[in-house]
Protein chains: 2
Amino acid sequence: MSSKYDRVAADLRSKIRAGRFAPDTRLPAETDLARDYGVTVNTMRRALELLLQEGLIDKRQGAGNYVRQQRPPMVRTTERYQWEKDRVRLPADERRAAGATERDTGLNRDDLDFYAEYTQIPATAEIAAVFNVPEGTRLLRRVYHTRKRSERAPMGTGASYLVYDHIARNPDLLNAENEPWPGGTQHQLSTVGIEVGEIVDEVVARTPTPDEALVLDIPSGSAVLVLRKISIDTTGRVVEVADAIWPGSRIKLSYNTKLKAWN
Amino acid sequence: MSSKYDRVAADLRSKIRAGRFAPDTRLPAETDLARDYGVTVNTMRRALELLLQEGLIDKRQGAGNYVRQQRPPMVRTTERYQWEKDRVRLPADERRAAGATERDTGLNRDDLDFYAEYTQIPATAEIAAVFNVPEGTRLLRRVYHTRKRSERAPMGTGASYLVYDHIARNPDLLNAENEPWPGGTQHQLSTVGIEVGEIVDEVVARTPTPDEALVLDIPSGSAVLVLRKISIDTTGRVVEVADAIWPGSRIKLSYNTKLKAWN
DNA sequence: GAGTGGTCTAGACCACTGT
DNA sequence: CAGTGGTCTAGACCACTCC
């Protein structure tokens with residue numbers, strides 16, 4: 001025997017899926033829905049909570065519950081890394097034309113808002129272990145938000161860590177004013193003689209932290225995809241650790257593995 | 001001004017993180033916690049709901065709320081694909097020794113329970129598009145659950161699709177009794193003359209469907225990681241589409257990209 | 001200011017776990 | 001069967017959106 005809120009949710013879910021409520025339209029008020037289904041408002045809210053978690057509806061305080069427009073997620077492929085590396089050696093004006101984010105989203109530079117903040121921090125135990133440096137080593141921490149101009153909440157957020165001593169030779173790299181840097185991190189590293197030879201992506205799914213839920217404007221009971229990118233230079237040294245976080249519904253990662261032929 | 005349940009959750013969260021409640025121990029009863037924090041039971045439950053979503057606690061009806069033991073997630077790397085391919089040509093007894101799942105988890109064959117179910121279905125529009133075959137084409141659908149013997153709920157679940165006409169030449173491939181097949185899917189395909197040349201992984205994060213939440217025994221407001229593996233043979237034909245689903249907290253995917261040298 | 005969702009309370013009853 | 005979490009009700013008041 002399933003619960004009342006489960007049955008109410010199932011009914012509403014199927015009605016939405018069947019197109020009985022069009023995308024971007026408002027559902028009846030919670031008090032009305034509750035009356036129609038013969039449950040209290042609290043129980044009705046519990047049912048709507050499930051649909052919210054599934055990404056079927058958006059709740060807007062004071063305005064109503066809206067059927068969510070399903071946007072196709074941005075696709076991020078492995079090839080971007082080689083593409084980024086190849087571009088490092090292009091002239092500056094070509095690099096400036098468009099970055100990797102524009103490539104993934106298919107949007108123009110003008111459609112995107114880019115925010116960066118630099119701070120210097122001592123390495124936590126966790127990050128230090130990845131870099132294989134002592135805890136407390138001076139790091140440059142760069143926090144990013146990427147936002148579509150047309151939207152309030154960012155598409156994604158992230159942080160990148162560099163070892164201060166690796167990059168201090170070029171003071172331009174310490175200044176957030178130079179973001180977005182044409183050519184991206186691989187070009188930045190190239191200005192201090194670092195060539196990236198290998199990149200490891202570690203992918204995890206979890207619910208957002210309270211901070212992330214706030215910044216990304218997503219419910220606490222939704223999913224985020226976390227990508228930790230670890231860049232290793234041609235001498236085997238870890239030169240960048242970057243964590244990128246997207247709402248699960250907005251991103252698809254794609255990885256291509258070529259296998260060696262038998263013959 | 002944040003809400004009461006937020007503040008209560010934040011306090012409990014920090015106490016758990018600080019080790020004030022050891023892993024696997026029971027928290028005080030909800031009625032007691034509510035009294036201590038000066039809120040009603042309903043509000044207390046709402047705070048606990050947040051910690052549940054974050055994976056900090058487990059709720060067990062009738063027994064209590066338990067601080068969750070953080071298990072290190074299983075790591076699944078790209079190298080598994082080449083490894084699997086290399087094994088196809090080994091003698092049967094060596095292949096039988098251990099499969100890819102055992103390799104990822106570091107567990108023995110005896111610690112794992114493997115369940116497979118085969119059915120034949122007509123291709124849905126969505127799957128047909130990936131295979132690039134007409135909708136309704138006959139497919140073999142193989143549903144899997146992998147479970148640690150010591151646990152009730154499966155570690156992960158998944159479904160694999162093969163085009164019936166590709167594999168019908170070998171009747172052994174149509175029978176779930178032959179699972180787990182030594183050497184895995186790549187070996188199965190090799191018995192009908194198919195050599196896999198390329199594998200594309202598509203990774204997505206979302207909340208579980210009601211079904212998945214039930215089978216995996218996870219809350220509806222948690223995250224699952226979904227991997228769609230698309231295998232392409234050496235002639236460029238899609239030969240397998242497989243969806244694997246894990247609770248987000250139990251899996252980490254790792255992908256290694258080697259970049260071409262500049263010189 | 002009317003209408004909407006968000007928070008919180010108080011309390012009843014049910015379902016499950018352990019002893 | 002005592003104790004625990006799960007469901008549901010009824011109603012008050014607050015915060016926000018939009019006209």
Side-chain angles (χ1 to χ4, degrees), chain A residues 1-12 16 21 24-53 55-68 151-153 210 213-214 217-222, chain B residues 1-12 16 21 24-53 55-68 151-153 210 213-214 217-222:
Chain A
M1 178 55 182
S2 77
S3 41
K4 229 183 231 190
Y5 70 89
D6 253 346
R7 293 196 302 275
V8 171
D11 185 77
L12 248 185
I16 292 174
F21 299 103
D24 256 336
T25 59
R26 217 199 74 192
L27 293 180
E30 298 184 344
T31 45
D32 293 343
L33 282 172
R35 186 179 20 74
D36 294 349
Y37 280 111
V39 298
T40 59
V41 176
N42 272 343
T43 301
M44 191 64 229
R45 286 177 59 74
R46 186 145 182 202
L48 290 166
E49 191 64 30
L50 290 179
L51 304 190
L52 179 70
Q53 290 171 352
L56 249 60
I57 62 169
D58 269 331
K59 292 191 140 282
R60 305 189 203 151
Q61 168 157 186
N65 296 306
Y66 288 77
V67 176
R68 190 154 144 194
E151 296 175 2
R152 283 194 349 283
L214 209 65
D217 190 29
I218 52 177
S220 66
S222 65
Chain B
M1 178 56 182
S2 77
S3 42
K4 229 182 229 189
Y5 70 87
D6 253 346
R7 294 196 300 275
V8 170
D11 185 77
L12 247 185
I16 292 174
F21 298 102
D24 257 336
T25 59
R26 217 200 73 193
L27 293 180
E30 298 183 346
T31 45
D32 293 343
L33 283 172
R35 187 180 17 77
D36 295 349
Y37 279 111
V39 298
T40 59
V41 176
N42 272 343
T43 302
M44 191 65 228
R45 286 177 59 74
R46 185 144 183 203
L48 290 167
E49 192 64 30
L50 289 179
L51 304 191
L52 179 69
Q53 291 172 350
L56 250 61
I57 62 170
D58 269 330
K59 290 190 140 283
R60 304 188 204 153
Q61 169 158 188
N65 296 305
Y66 288 77
V67 176
R68 189 154 143 196
E151 296 176 2
R152 282 194 348 282
L214 211 63
D217 190 28
I218 53 176
S220 67
S222 65

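Atoms considered below: every heavy atom in the structure, side chains included; atoms not considered: hydrogens, waters and symmetry mates. Every chain is numbered from 1, with letters handed out A, B, ... down the list of sequences.
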What is the nucleic acid contact for A/T40, judged by heavy atoms within less than 4.0 Å: base, sugar-phosphate only, or nothing? base
To the closest 0.5 Å, what do you measure between CG (A/D11) and CG (A/L33)? 10.0 Å
Applying side chain to side chain contact (heavy atoms under 4.5 Å, CB included), can you list everything that pairs with B/R26, at least two apart in sequence or on another chain? B/A29, B/Y66
Start and end of chain B contact along DNA chain C [non-hydrogen atoms, under 4.0 Å]: C/dT7 to C/dT17
Residues which pass salt bridge (Lys or Arg N to Asp or Glu O under 4.0 Å) with B/E49, listed by chain and number, not counting sequence neighbours: none
Rounded to 10 degrees, the angle between the two terminal axes of the helix from C/dG1-D/dC18 to C/dG18-D/dC1, each from five pairs: 20°
Looking for any heavy atom pair under 4.0 Å, which part of the strands does A/R60 touch: base, sugar-phosphate only, or nothing? sugar-phosphate
With sequence neighbours excluded, tell me which residues meet side-chain hydrogen bond (donor to acceptor under 3.5 Å, both in side chains) with A/R60. none
Mind checking what makes side-chain hydrogen bond (donor to acceptor under 3.5 Å, both in side chains) contact with A/D36, not counting sequence neighbours? none
Taking for each residue the nucleotide of DNA chain D with the nearest heavy atom, is it A/N42 or A/R46 whose nucleotide lies nearer the 5' end? A/R46
For B/V41, which contact category applies under a 4.0 Å heavy-atom criterion: base, sugar-phosphate, or nothing? nothing
Salt bridge between A/E30 and A/R35, side-chain N to carboxylate O under 4.0 Å? no
Whole-Å distance between D/dA15 C1' and A/E30 CD? 14 Å
Test B/L12 against every option in B/L56, B/L50, B/L51 by the side-chain contact (heavy atoms from CB on, under 4.5 Å) rule and name the one that passes. B/L51
For B/R26 and for A/S3, find the nucleotide of DNA chain D with the closest heavy atom, then tell me which residue's nucleotide is more 5'. B/R26
When rounded to the nearest 0.5 angstrom, what distance separates OG in A/S220 from CG in A/L214? 11.0 Å
